[in-house]
Amino acid sequence: MRALIAAAAALMLAGPALAGPVTLKANPVDVDGRITLGDLFEGAGSASGVVVGARSGPSAVFEAGQLQAMARQAGLDWANPTGLRRVVVRRAAVSPAAAPAAGEAAAPAPAPVRAAPVRAAYADRIISRNDIVEVIYEASGVRLSITGRAEGNAAEGQRLAIRNLQSGRVFDAVAVAPGRALAGPPGQPVASQQFAAR
């Protein structure tokens, strides 16, 4: 009986002797949803891995007195010199390459960036459908100009159909600048007929 009392007394006296003073971190954070004494205190040493709580949202709140008691049970002495009432632990910002922690849903991976063909065409186009276009026709030293309406979209150097505003007929031309296109013998037999008909 005396041995048991002596052992109990030794443990009671040993508790404070083992307690090491620690300092609360200025901005406590955790990365995996499990909050440990090492997340909370500077100088936690071998007690750093002791789990004292869990975070299910962006932050977790501890009552200062409760935290002080849990630290003491693990052999740490936090004096709470500033008299805090609550301690907030937030989720740490993790690098994109970091794997999601256990118990946390993985953020959806960003889709690979791809240029959509339609947007690319829009970015490159110099003539858009329904634009009024000045079309120059050159052949054998003759240069003619008419005004037409674009029947489609085109980037520089692309063919597009142009509707002659006077005759209503459609012919091919090549976009060369915003609002300007060229028609002529190289691959433009329809265009030459349209200009001749004018």
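- Here side-chain hydrogen bond (donor to acceptor under 3.5 Å, both in side chains) pairs that include residues 37-47, with residues two or more places apart or in two chains, are Thr36-Asp39.
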Please lay out, stage by stage, how Val135 and Phe171 fare under the test side chain to side chain contact (heavy atoms under 4.5 Å, CB included). CA-CA 10 Å; Val135 184; Phe171 60 93; 3.8 Å; yes
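- Heavy atoms only, all atoms of each residue included: Ser59 and Val88 are closest at CB-CG1, 4.0 Å.
- Here OG1 of Thr82 is found 7.5 Å from CG of Leu24. Values are rounded to the nearest 0.5 Å.
- Looking at residues two or more places apart in sequence or on another chain, you find a salt bridge (Lys or Arg N to Asp or Glu O under 4.0 Å) between Arg34 and Asp32.
- Shown here for Leu160 and Ala150, the closest heavy-atom pair between the two residues is CD1-CB, 3.8 Å.
- Other members of the hydrophobic cluster containing Leu165, listed by chain and number, are Ile132; membership follows side-chain contacts under 4.5 Å among ILVMFWY residues, whether direct or relayed.
- Side-chain atoms of Arg163 do not come within 3.5 Å of backbone N or O of Arg149 as any donor-acceptor pair.
- Partners of Glu156 according to the side-chain contact (heavy atoms from CB on, under 4.5 Å) rule, which considers only residues two or more places apart in sequence or in another chain, are Ile126.
- Shown here are the side-chain contact (heavy atoms from CB on, under 4.5 Å) partners of Ala69, two or more places apart in sequence or in another chain: there are none.
- Counting only residues at least two apart or on different chains, the salt bridge (Lys or Arg N to Asp or Glu O under 4.0 Å) pairs with a member in residues 79-88 are Glu63-Arg86.
- A distance of 7.0 Å separates CD1 in Ile35 from CG in Leu40, rounded to the nearest 0.5 Å.
- Of the possible polar contacts, none joining the Asn164 side chain to the Gly168 backbone as a donor-acceptor pair under 3.5 Å is found.
- Separation of atoms CZ (Arg72) and CG (Leu67) is listed at 11.0 Å; rounding is to 0.5 Å.
- Partners of Gln68 according to the side chain to side chain donor-acceptor pair (under 3.5 Å) rule, which considers only residues two or more places apart in sequence or in another chain, do not exist here.
- Qualifying side-chain contact (heavy atoms from CB on, under 4.5 Å) partners for Val22, counting only residues two or more places apart in sequence or in other chains: Phe41, Leu76, Trp78.
- For the residue pair Asp172 and Ala161, the shortest heavy atom distance occurs at OD1-CA, 4.1 Å.
- For Arg90, there are no salt bridge (Lys or Arg N to Asp or Glu O under 4.0 Å) partners two or more places apart in sequence or in a different chain.
- Residues Val61 and Val89 do not share a hydrophobic cluster, clusters being chains of Ile/Leu/Val/Met/Phe/Trp/Tyr side chains in contact below 4.5 Å.
- Ser56 pairs by the side-chain contact (heavy atoms from CB on, under 4.5 Å) definition with nothing, not counting sequence neighbours.
- For Arg143, the salt bridge (Lys or Arg N to Asp or Glu O under 4.0 Å) criterion is met by Glu138, not counting sequence neighbours.
- The two residues Ala71 and Leu37 come nearest to each other via the heavy atoms CA-CD2, 4.2 Å.
- The nearest pair of heavy atoms linking Phe62 to Val52 is CE2-O, 3.5 Å.
- Closest of all the heavy-atom pairs between Ala154 and Ala175 is CB-CB, 3.9 Å.
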Could you go step by step and tell me if Asp30 and Arg55 meet the salt bridge (Lys or Arg N to Asp or Glu O under 4.0 Å) rule? CA-CA 8 Å; Asp30 79 281; Arg55 176 187 50 75; 2.7 Å; yes
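- For Glu134, the side chain to side chain donor-acceptor pair (under 3.5 Å) partners two or more places apart in sequence, or in a different chain, are Ser145.
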